[in-house]
There are 2 protein chains.
Amino acid sequence: METELIKEANCVAGTVKNTKPYSACLLFSANALARAITAIGDEEFGRFGLCYSHAYLLCEVVAQPGISPSQLSETLYLTPSTITRLVEKLESKRLVRRESEGKKTLIYPTSEGEALQPIVNEAWDRVGTRYSQLIGEKDVCQLTQQVFKAAQALGEGE
Amino acid sequence: METELIKEANCVAGTVKNTKPYSACLLFSANALARAITAIGDEEFGRFGLCYSHAYLLCEVVAQPGISPSQLSETLYLTPSTITRLVEKLESKRLVRRESEGKKTLIYPTSEGEALQPIVNEAWDRVGTRYSQLIGEKDVCQLTQQVFKAAQALGEGE
DNA sequence: TTGATTCTGTTGTATGTGCAAACAAATTTT
DNA sequence: AAAATTTGTTTGCACATACAACAGAATCAA
């Protein structure tokens, strides 16, 4: 349809007026996708009291005991202050512990944290399965790759 | 590289162990993208004290005076309660006003709100230009379309 | 050695968002 | 007509996230 094409054209130019171009704006679409998929993630990880970013952080700490907040910040694409808050939460659940060494902080998993990891991985499976089914398995990998590439490009460009 | 391919394979299966598969997980990538692009949006819209969702909402109200929260909720893919909060904020800035009619609520732009619209559109342009340049103009439209399609699929599948 | 700068991590504060519950109005059922 | 249900909107609360400011440690300069 021609009107569709016009909307698409506007998506880059951005001179959308009354044409409801939200779906053609990446700022809008990316946030909508993030909310929708986070809902799935939080539902699965929420079964054992975590949200998706806690789960990621825990996995990373288990994989690399003694990792620093700044490393986590880079890996997870999250602000240092956010990392502090997430670690605090995981600490209050006795899943990780912090050790201060000079100005550095080392984060280690507790035995409970390590024990939880397989369960986290199962939830991860379920999340992946669910969104793959809904989106279509064929498209997911490509989409993920492109989305990540875009996120990286935006992150570096600032 | 073979290791890369293995990671990709894991992205669907989700059985990632210590292979740092964050970039291969849509839950992770989508959120990273959303944060990065929202940072751009909020920077531009923040010049006049709005965040990106306020800007969207304002545009929609200007385009359709008397629109209801539930309609906005559907259009913007946001929860009714979130709409209420956004409208409250815009009301406190005297950009929209609410009228109660039975159980329904009608939202109208104020003259200030209408006057702001061109400025909002300019900011919109700048946002689009900025992320298009960083991501690559060619890829943006396709990416946006796919991201939106995925968001829709997830939204309906619940 | 001492002073300045830089790096790392943590807080105070603010904000967008959602869930669950409440509430009010409208509609349907009996 | 009265009761029950459904619909539209708003609140109470919680939470992830970020920015700005700060504090402590390390490094560098004089």
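Per chain, numbering begins at 1; letters A, B, ... match sequence-line order. All values below come from the heavy atoms of this structure, side chains included, with hydrogens, waters and symmetry mates left out.
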Within this structure, what is the [atom1]-to-[atom2] distance between [X] and [N], rounded to whole angstrom?
X     : N      : atom1 : atom2 : value
B/L33 : D/dT17 : CG    : P     : 15 Å
A/F45 : D/dC15 : CZ    : P     : 18 Å
A/L90 : D/dT17 : CG    : P     : 12 Å
A/E74 : C/dG9  : CD    : C1'   : 14 Å
B/R35 : C/dT17 : CZ    : C1'   : 15 Å
A/K93 : D/dC15 : NZ    : C1'   : 11 Å
B/L57 : C/dG16 : CG    : C1'   : 13 Å
B/E88 : D/dT9  : CD    : C1'   : 11 Å

Next on the checklist: Judged by each residue's nearest nucleotide on DNA chain D, which is more toward the 5′ side, B/T105 or A/L50?
Outcome noted: B/T105
Checklist entry - So B/R126 and B/E44, salt bridge (Lys or Arg N to Asp or Glu O under 4.0 Å) or not? Walk me through it. => result CA-CA 7 Å; B/R126 286 196 299 272; B/E44 294 294 344; 2.7 Å; yes
Checklist entry - Among B/Y77, B/Y52, B/Y56, whose side-chain hydrogen bond (donor to acceptor under 3.5 Å, both in side chains) with A/N31 holds? => result B/Y52
Does a side-chain N or O from [X] land closer than 4.0 Å to OP1 or OP2 of [N], or not?
X     : N      : result
B/H54 : C/dT15 : no
A/S70 : C/dG9  : yes
B/T79 : C/dG18 : yes
B/Y52 : C/dT17 : yes
A/Y77 : D/dA18 : no
B/T84 : D/dT10 : yes
B/S68 : D/dG8  : no

Checklist entry - Taking the nucleotide of DNA chain C with the closest heavy atom to each, which residue, A/N31 or A/P69, is nearer the 5' end? => result A/P69
Checklist entry - What does A/I83 touch in the nucleic acid at a heavy-atom separation under 4.0 angstrom: a base, only the sugar-phosphate, or nothing? => result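 Here A/I83 touches no strand at all.
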Checklist entry - Looking for any heavy atom pair under 4.0 Å, which part of the strands does A/L78 touch: base, sugar-phosphate only, or nothing? => result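 The answer is sugar-phosphate, as A/L78 gets under 4.0 Å only of primed atoms, P, OP1 or OP2.
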Determine yes or no for a side-chain-to-main-chain donor-acceptor pair under 3.5 angstrom, with [X] supplying the side chain and [Y] the backbone.
X      : Y      : result
B/S29  : A/V147 : no
B/Y131 : A/L26  : yes
A/T110 : A/L95  : yes

Item to check | Side-chain donor-acceptor pair present, A/S68, A/S70, cut-off under 3.5 Å | outcome: yes
Checklist outcome for this item: Going 5' to 3' through nucleotides 22-27 of chain C and flagging B where a protein heavy-atom sits under 4.0 Å of the base, S where only the sugar-phosphate is that close, and - otherwise, we get ---BS-
Checklist entry - Ignoring hydrogens and angles, does a donor from either the side chain of B/S81 or the base of C/dC19 sit under 3.5 Å from an acceptor on the other? => result yes
Item to check | Among D/dT11, C/dT13, D/dA16, the nucleotide that comes nearest once only the side chain of A/R85 is considered | outcome: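 Output: C/dT13.
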Checklist entry - Between C/dT10, D/dT9, D/dT17, which one does the side chain of A/S53 approach most closely? => result D/dT17
Checklist entry - At their closest point, which heavy atom of A/C51 faces which heavy atom of A/D42, and how far apart are they? => result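 Closest approach of A/C51 to A/D42: CB-OD1, 3.3 Å.
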Item to check | Within-4.5 Å side-chain heavy-atom neighbours: B/L27 and A/I40 | outcome: no
